[in-house]
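Accompanying notes for the structure given below.
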Amino acid sequence: AHTDYGSITLLFQDNVGGLEVRNKRGAWVPASPQAGCVLVNIGDLLMRWTNDVYVSTLHRVLNPTDPNMLTRDRYSAAFFCHPDKQATIECIDVCRGASGPRYAPVNAFDYLLERLKATY
């Protein structure tokens, strides 16, 4: 399971399914494909920008449980939306709350590089 690094991910998926997201209670919930719809995931940078008002989506992909889908290939296409590489990501004023920002400002490109280095 993982979260996405950027601000928003747009996911176009076929009807095979298998994608699950974790809800606030910690339970895994199927993100069943809907014809003509795009799934939108909140990424880690948007979470930082909004001071956790919007939380990044922990997700995973499992093999389908429907026997009719087990022999089908699963296809999806993700479009990762990431801020301009010179952008400074810091808490949006309306999201500061009484305790202030939870995250220090970070350069969008440096943040992405650090996350990629940690992954690979």
Side-chain angles (χ1 to χ4, degrees):
H2 68 278
T3 56
D4 295 334
Y5 307 149
S7 54
I8 294 173
T9 302
L10 305 177
L11 183 68
F12 303 84
Q13 54 182 336
D14 63 13
N15 66 346
V16 173
L19 179 66
E20 293 186 337
V21 295
R22 196 166 76 180
N23 66 19
K24 289 182 180 185
R25 293 184 304 261
W28 289 101
V29 179
S32 302
Q34 303 295 314
C37 293
V38 177
L39 185 119
V40 179
N41 275 339
I42 301 296
D44 298 336
L45 275 178
L46 187 59
M47 186 170 84
R48 292 178 72 102
W49 248 332
T50 65
N51 210 31
D52 294 347
V53 171
Y54 296 108
V55 179
S56 54
T57 310
L58 186 64
H59 56 282
R60 66 184 183 185
V61 177
L62 300 179
N63 288 326
T65 55
D66 181 345
N68 295 322
M69 296 295 183
L70 285 175
T71 58
R72 293 195 44 209
D73 293 330
R74 180 182 186 274
Y75 293 97
S76 64
F79 182 80
F80 300 102
C81 302
H82 197 79
D84 185 79
K85 66 182 188 178
Q86 289 89 17
T88 299
I89 306 304
E90 57 187 318
C91 182
I92 298 169
D93 287 339
V94 297
C95 296
R96 286 186 184 278
S99 59
R102 294 180 178 162
Y103 306 98
V106 65
N107 172 270
F109 188 67
D110 292 342
Y111 179 81
L112 176 61
L113 288 180
E114 287 303 314
R115 292 296 304 268
L116 290 171
K117 285 179 191 174
T119 302
Y120 301 105

Exercise. Heavy atoms, side chains only, cut-off 4.5 Å: are Val38 and Phe79 in contact?
Worked result: no
Problem set entry | Pairwise distance CG(Leu19) to CZ(Arg60) - rounded to 0.5 angstrom | 10.0 Å
For this session: I would like to know whether Thr50 and Ile92 meet side-chain contact (heavy atoms from CB on, under 4.5 Å); could you show each step before the answer?
Result: CA-CA 6 Å; Thr50 65; Ile92 298 169; 4.2 Å; yes
Problem set entry | ILVMFWY cluster, Val29 and Leu62 together (side-chain gap under 4.5 Å) | no
Exercise. Could you state the interatomic distance from CG (Asp4) to CG (Leu46), rounded to the nearest 0.5 Å?
Worked result: 11.5 Å
Problem set entry | Separation of Arg48 CZ from Cys95 SG (nearest 0.5 Å) | 14.0 Å
Exercise. Less than 4.5 Å apart, any side-chain heavy atom of His59 and any of Glu20?
Worked result: no
Problem set entry | Remaining members of hydrophobic cluster (4.5 Å side-chain criterion), Leu112 | Tyr5, Leu116, Tyr120
Exercise. In the single-linkage hydrophobic clustering (I, L, V, M, F, W, Y; side-chain heavy atoms under 4.5 Å), do Leu11 and Val61 co-cluster?
Worked result: yes
Exercise. What distance separates Tyr75 OH from Asn15 CG, expressed to the nearest 0.5 Å?
Worked result: 12.5 Å
For this session: Enter the distance from Asn23:CG to Thr57:OG1 here, rounded to the nearest 0.5 Å.
Result: 11.5 Å
For this session: Determine, step by step, whether Asn41 and Phe80 satisfy the side-chain contact (heavy atoms from CB on, under 4.5 Å) criterion, reporting the C-alpha distance in whole Å, the side-chain angles of both residues, the deciding distance to 0.1 Å, and the verdict.
Result: CA-CA 9 Å; Asn41 275 339; Phe80 300 102; over 6 Å; no
Exercise. Among the clusters formed by ILVMFWY side chains lying less than 4.5 Å apart, do Tyr111 and Val55 turn up in the same one?
Worked result: no
For this session: Give the cluster check for Met47 versus Leu10: same hydrophobic cluster or not, with ILVMFWY residues linked at side-chain heavy-atom distances below 4.5 Å.
Result: no
Seminar exercise, completed: One should read off an interatomic distance between Tyr54 OH and Ile8 CD1, to the nearest 0.5 angstrom, of 10.0 Å
Problem set entry | Closest non-hydrogen atom pair, Asp73 against Val16 | O-CG2, 3.4 Å
Side-chain polar contacts of residues 102-109 - donor-acceptor pairs under 3.5 angstrom, sequence neighbours left out - could you list them?
residue, atom, partner, partner atom, Å
Arg102, NH1, Asp52, OD2, 2.9
Tyr103, OH, Asp52, OD1, 2.6
Tyr103, OH, Asp52, OD2, 3.2
Asn107, OD1, Phe109, N, 3.0
Asn107, OD1, Asp110, N, 2.8
Asn107, ND2, Lys85, O, 3.2

Exercise. With sequence neighbours left out, what residues match Lys24 under salt bridge (Lys or Arg N to Asp or Glu O under 4.0 Å)?
Worked result: none
Exercise. So, Ser7 side chain and Leu45 main chain: donor-acceptor pair closer than 3.5 Å or not?
Worked result: no
